[in-house]
Amino acid sequence: MVETISELKTRIDDYLGVNLAADVDQDTLYSSMRYSLMAGGKRLRPALTLATVQMLGGAVDTDVMRAATALELLHTYSLIHDDLPAMDDDDLRRGKPTNHYRFGAGMATLAGDGLLTLAFQWVSDNKLPAATRAELTLALAQAAGPAGMVAGQARDIEGEGQQLDLDQLRYLHRQKTGALLRYAVLAGGIITNQSRPVKAALADFGAQFGLAFQIYDDLMDVLGTTAQMGKAVHKDAGEQKNTYPGLLGTAGAKDQLHQALAGARAAQTKIGKLTGRSFAGYDQFLAYFKL
């Protein structure tokens, strides 16, 4: 049985809320880390991992939960650092003042450092098979590091004030946003010890979902409200960010979103054929994209 996103989110929130304190040994640092981690995120990334495990016939026990929620630690670190004055200089995240507004830039930086490091502790400090832990750790490092998310962030900074073409924009967002979402789905295949073709199809679904996620986020910066998004909107154009609406217009960006979603559905079908299982559980994640 595949749990709903809401059910998975509750389990993820409960695990994070209970287990963070055991691994942080400084009160202010803990408060800063917890402030952003428990600020009410959607938890889509670990939920994708857990749902994938369930659709592949695996059980979500404490060790699987620890490995999956490591991704939420890492994702939250990236948000804290993105919001810093030296990066995007945002003052609102998830409907609350950003971490550096609450704790100062120095402590916010350290909170991000702590979450990043703790993510690798959690993904390796569990009772999953040693080979599984090693594969998860390598895949997460590749997704988050200087050939993945961090490279995308660097491209984003260098691209400000420049006009990227569509292929360059896709590449930037494949790293900046897509890499962690690709990993989120792939991790479910690693945990359940799937074949290489199944892992490749899972990674493809995650990559297509990640592309759709970024296009949707770009669109909502234009079409959404601060209340909807929990962060400032209408910022991208003013900061000369490279976005899909900025390059293609709203209609063109919507077309790219539909193409990415079609790619995700094709991958979903392929995974089902390869495994002989139903992957209808992904439909609830694809329903996230509502304009």
Side-chain angles (χ1 to χ4, degrees), residues 1-16 19 42-75 119-144 148-149 178-210 212-213 263-288:
M1 176 181 173
V2 180
E3 295 174 74
T4 66
I5 294 175
S6 177
E7 290 169 333
L8 291 170
K9 182 181 184 303
T10 297
R11 293 182 65 180
I12 292 163
D13 284 342
D14 289 346
Y15 187 88
L16 293 171
N19 288 278
K42 296 178 286 292
R43 313 305 195 200
L44 286 177
R45 290 158 185 81
L48 273 166
T49 301
L50 298 175
T52 300
V53 167
Q54 291 177 336
M55 284 184 280
L56 289 166
V60 176
D61 59 18
T62 301
D63 295 308
V64 171
M65 182 64 71
R66 188 171 181 83
T69 53
L71 181 54
E72 191 66 18
L73 301 179
L74 195 145
H75 172 58
F120 285 97
Q121 179 178 328
W122 281 17
V123 83
S124 58
D125 179 25
N126 56 66
K127 295 180 181 179
L128 294 174
T132 300
R133 285 182 275 130
E135 189 174 356
L136 285 171
T137 302
L138 176 59
L140 182 56
Q142 291 171 330
M149 180 186 70
L180 288 191
L181 285 162
R182 178 184 181 276
Y183 167 84
V185 182
L186 173 60
I190 295 172
I191 289 168
T192 54
N193 195 29
Q194 299 301 308
S195 67
R196 184 173 296 180
V198 172
K199 288 177 184 174
L202 290 167
D204 185 34
F205 177 86
Q208 296 292 338
F209 184 93
F213 189 93
R265 292 188 181 99
Q268 178 186 18
T269 299
K270 183 176 182 179
I271 300 164
K273 289 179 178 178
L274 287 170
T275 61
R277 293 179 173 273
S278 170
F279 281 79
Y282 282 148
D283 291 342
Q284 61 178 327
F285 291 92
L286 296 174
Y288 170 79

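All of these numbers come straight from a predicted model, not from anything done at the bench.
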> Do I271 and L274 have side chains that get closer than 4.5 Å, going by heavy atoms?
Replying inline: no
>> If I take atom CZ from residue F285 and atom CD1 from residue I5, how far apart are they, to the nearest 0.5 angstrom?
In response: 4.0 Å
>> Looking at every non-hydrogen atom in both residues, tell me the closest pair between A67 and L136 and how far apart they are.
In response: CB-CD1, 4.2 Å
> Name the one of R66, R45, R43 that satisfies salt bridge (charged side-chain N to carboxylate O under 4.0 Å, His left out) with E72?
Replying inline: R43
> Is a side-chain N or O of Q121 found less than 3.5 angstrom from the main chain of A119, in a donor-acceptor match?
Replying inline: no
>> With rounding to the nearest 0.5 angstrom, report the NZ to CG distance, K127 to D63.
In response: 6.5 Å
>> Show the nearest heavy-atom pair for residues V53 and G188, with the distance to one decimal.
In response: CG2-CA, 3.8 Å
>> With a 4.5 Å cut-off on side-chain heavy atoms, are L128 and V64 touching?
In response: yes
> Looking only at heavy atoms, which two atoms of L56 and G189 are closest? And how far apart?
Replying inline: CD1-CA, 4.0 Å
> If you look at every heavy atom in L71 and A184, which pair is closest and at what distance?
Replying inline: CD2-CB, 3.5 Å
>> Just verifying a value: how many Å separate D13 CG and T69 OG1, rounded to the nearest 0.5 Å?
In response: 10.5 Å
> Which atom pair, heavy atoms only, marks the closest approach of L181 to G210?
Replying inline: CD1-CA, 3.5 Å
> Mind checking whether Y288 and F213 have parallel, tilted or perpendicular rings, split at 30° and 60°?
Replying inline: parallel
> What distance separates T52 OG1 from I191 CD1, expressed to the nearest 0.5 Å?
Replying inline: 9.0 Å
> In terms of the angle between their ring planes, are Y282 and F205 parallel, tilted or perpendicular, with boundaries placed at 30° and 60°?
Replying inline: parallel
> Just how far is it from atom CD of Q268 to atom CG of D204, taken to the nearest 0.5 Å?
Replying inline: 12.0 Å
>> Would you say that Q54 contacts M1 through its side chain, given a criterion of any heavy-atom pair below 4.5 Å between the two side chains?
In response: no
>> Quick one, R133 and D125 - any side-chain contact, counting heavy atoms below 4.5 Å?
In response: no
> Hey, mind stepping through M65 and N126 against side-chain contact (heavy atoms from CB on, under 4.5 Å) and telling me if it holds?
Replying inline: CA-CA 10 Å; M65 182 64 71; N126 56 66; over 6 Å; no
>> Could you check whether any side-chain heavy atom of E3 comes within less than 4.5 Å of a side-chain heavy atom of L50, counting everything from C-beta outward?
In response: no
> Of the non-hydrogen atoms in G206 and V185, which two are nearest, and what is the gap between them?
Replying inline: CA-CG2, 3.7 Å
> Got a donor-acceptor contact below 3.5 angstrom from the T275 side chain to the R277 backbone?
Replying inline: yes
> Going from OG on S6 to CZ on R11, what distance comes out if it is rounded to the nearest 0.5 angstrom?
Replying inline: 12.5 Å
>> Any non-hydrogen side-chain atom of F279 less than 4.5 Å from a side-chain atom of T269?
In response: no
>> If you apply the rule side-chain contact (heavy atoms from CB on, under 4.5 Å), what do you find for I190 with L186, and how did you get there?
In response: CA-CA 6 Å; I190 295 172; L186 173 60; 3.9 Å; yes
>> Any carboxylate oxygen within less than 4.0 angstrom of a Lys/Arg side-chain nitrogen, looking at E135 and K199?
In response: yes
> If you draw a 6.0 Å radius around CG in N193, do more than 12 non-hydrogen atoms from other residues or ligands fall strictly inside?
Replying inline: no
> Knowing that exactly one of L73, L16, I12 qualifies, which makes a side chain to side chain contact (heavy atoms under 4.5 Å, CB included) with P46?
Replying inline: I12
